[in-house]
2 protein chains.
Amino acid sequence: MIEQLRTFDFPINSPKMPKKLSDHIKEVPLGLSVDCVVFGYDDIDKDLKILLIKSETPEFEGSWSLLGDLIQANESLKESAARTLAKRTGLSDIYLEQVRAFGIPERHPGGRVITIAYYSLIKVEDYELNIDKLDLEAKWFSINKIGKLAFDHNLILNHCLNKLKRTLREQPIGFSMLPDKFTLKQLQNLYEAVLDVEFDRRNFRRKLKKIDVLLELPETQQDVAHRPAKLYSFDKKKYQSLLKSGKHFSL
Amino acid sequence: MIEQLRTFDFPINSPKMPKKLSDHIKEVPLGLSVDCVVFGYDDIDKDLKILLIKSETPEFEGSWSLLGDLIQANESLKESAARTLAKRTGLSDIYLEQVRAFGIPERHPGGRVITIAYYSLIKVEDYELNIDKLDLEAKWFSINKIGKLAFDHNLILNHCLNKLKRTLREQPIGFSMLPDKFTLKQLQNLYEAVLDVEFDRRNFRRKLKKIDVLLELPETQQDVAHRPAKLYSFDKKKYQSLLKSGKHFSL
DNA sequence: ACAAAAGTGTTTATTATACACCCATGT
DNA sequence: ACATGGGTGTATAATAAACACTTTTGT
């Protein structure tokens with residue numbers, strides 16, 4: 001037992017030397033793509049939505065598809081995802097998080113293509129500002145009403161949604177799907193929609209007050225037929241202080 | 001505001017039609033590899049260790065490296081990782097979990113290679129049984145004594161270690177690094193070593209009793225110069241029941 | 001004055017933390 | 001008999017959950 005982790009220094013005598021990289025690339029041709037699950041929050045329907053496009057791959061004509069593209073020679077994976085998003089939404093500086101790679105040999109009917117999945121969070125209002133610059137059919141779908149997608153995109157979507165749910169509880173990312181100024185009710189509705197749970201209003205508000213990452217603005221809602229709610233914004237500096245003091249955002 | 005999520009059905013008139021996949025693959029040659037961070041727990045040193053090999057890439061001669069290989073044409077990513085592990089350790093059926101892809105253009109000196117990182121958990125005793133079948137230099141390193149590795153492997157290692165830490169708290173994966181029969185103290189030591197925290201012995205044991213995923217065996221430690229500890233094993237069925245009842249493993 | 005949602009405090013239950021003594025075995 | 005680590009219970013603090021009334025605005 002005491003010897004269990006000692007080192008074994010065998011002579012390196014691998015029967016076949018590793019092939020040259022350039023040879024391997026020729027022998028195993030494959031493509032690499034990124035696919036983005038674009039999440040947006042619909043404050044009217046109180047519903048999480050995702051942005052889909054009509055597939056451009058002949059084998060999936062008519063199917064809806066995630067936003068994806070093949071990776072170019074000189075861009076990183078995240079740059080590729082950002083470029084794809086910019087092309088489809090006109091937006092830059094979008095929250096982007098890698099989820100994982102999907103790579104079973106049969107996943108693309110046109111050849112071996114491994115894809116790296118990202119999820120992104122956008123403020124739908126920002127997207128709206130850009131729609132007239134775009135020339136591609138894109139549509140928001142409620143997360144609860146997604147049919148059969150192209151490729152293995154349903155699988156990818158599930159993974160991304162699960163990652164979003166996990167991350168939403170542990171990182172202050174929900175704000176990326178809300179306007180810069182929002183009410184606590186909007187924030188709560190977003191959490192309830194994404195996580196598919198219900199929070200007690202008073203407990204939710206108390207928790208946020210305790211975490212102390214929101215800035216209370218000297219403004220209120222306008223044009224509502226009831227007592228107008230206070231507006232808040234997410235305060236990055238307060239969040240940094242929270243982290244510095246060894247604490248974490250957690251809901 | 002109410003219109004924010006309506007659909008925009010532009011005609012599809014993308015100026016450039018998407019290129020054929022096969023053309024793209026020729027124009028953007030790239031390689032895809034898997035890299036495995038192999039974690040093992042050293043019950044003597046009470047220390048998390050990882051298995052490294054001498055790099056076979058000329059540019060990194062002399063450096064230590066994760067266990068990796070280029071992906072073959074007809075294997076999935078996980079199969080590729082499993083094959084790589086089998087080649088280096090002689091073991092199959094190893095716990096394998098994908099972490100993420102790493103793909104900045106400069107990460108491999110020999111060309112564009114994107115790598116998919118996995119971490120794996122092995123019982124060191126199982127590894128020991130296979131060492132005489134292996135002909136490659138491999139060595140266990142304490143997680144706290146890792147120098148500069150080949151490629152971006154330090155970065156990859158950090159991501160894998162963080163994922164391991166997160167997952168260890170939420171899934172019953174620690175047992176994959178222990179012998180089939182273990183004492184509660186061994187389990188606690190493992191948790192403390194990986195998470196770099198200390199647990200109160202009584203609270204730790206109470207928690208595990210409450211979670212109820214262990215089977216108390218009718219055996220005890222042998223040959224110890226003190227009261228022998230009871231041996232336990234992880235009970236998959238109990239864990240399944242836990243999940244079915246809507247609860248979760250959490251430490 | 002009424003409708004509609006905003007805003008606020010207290011009580012209770014659950015979970016986490018801190019802590020000290022006796023027990024079984026080998027030498 | 002003693003040294004060594006195994007095994008157990010209780011009290012306290014912190015956190016989460018449950019719950020109802022008053023306030024502000026527009027109509």
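Every chain is numbered from 1 and lettered A, B, ... according to where its sequence line falls, protein lines coming before strand lines. No experiment lies behind these values; they were computed from the predicted model shown.
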Integer-rounded Å distance: [N] [atom2] and [X] [atom1]:
| X | N | atom1 | atom2 | answer |
| --- | --- | --- | --- | --- |
| B:K207 | D:dT8 | NZ | C1' | 18 Å |
| B:R227 | D:dG6 | CZ | P | 10 Å |
| A:Q221 | D:dT25 | CD | P | 12 Å |
| B:L208 | D:dT8 | CG | C1' | 15 Å |
| B:Q222 | D:dG5 | CD | C1' | 16 Å |
| A:H248 | D:dT15 | NE2 | P | 14 Å |
| B:D223 | D:dT4 | CG | C1' | 15 Å |

TODO: May I ask you to list the residues of residues 192-206 of chain B, by number, that have any heavy atom positioned under 4.0 Å from an atom of DNA chain D?
DONE: B:R201, B:R202, B:R205, B:R206
In the structure I gave you, are the side-chain heavy atoms of [X] and [Y] within less than 4.5 Å of one another anywhere?
| X | Y | value |
| --- | --- | --- |
| A:Y191 | A:V197 | no |
| A:I122 | A:L85 | no |
| A:V124 | A:Y41 | no |
| B:F39 | B:I173 | no |
| A:W140 | A:D42 | no |

Open item on the list: For B:K148, I'd like to know if atom NZ has over 12 heavy atoms of other residues, nucleotides or ligands within 6.0 Å.
Closed with: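 Yes, the 6.0 Å shell around NZ holds more than 12 heavy atoms from other groups.
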Open item on the list: Can you confirm whether more than 12 heavy atoms, excluding those of A:K238, are under 6.0 Å from its NZ atom?
Closed with: yes
Task: DNA chain C: 5'-most and 3'-most nucleotides touching chain A, 4.0 angstrom heavy-atom criterion - done: C:dA4 to C:dT10
TODO: Evaluate the ring planes of A:F141 and A:W64, with Trp represented by its six-membered ring, and classify them as parallel (under 30°), tilted (30 to 60°) or perpendicular (over 60°).
DONE: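 Because their plane-to-plane angle is over 60°, the rings of A:F141 and A:W64 count as perpendicular.
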TODO: Report the relative orientation of the aromatic rings in B:F249 and B:Y239; use parallel for angles under 30°, tilted for 30 to 60°, perpendicular for over 60°.
DONE: perpendicular
Open item on the list: At less than 4.0 Å, is any side-chain N or O atom of A:K210 found next to OP1 or OP2 of D:dT15? Yes or no.
Closed with: yes
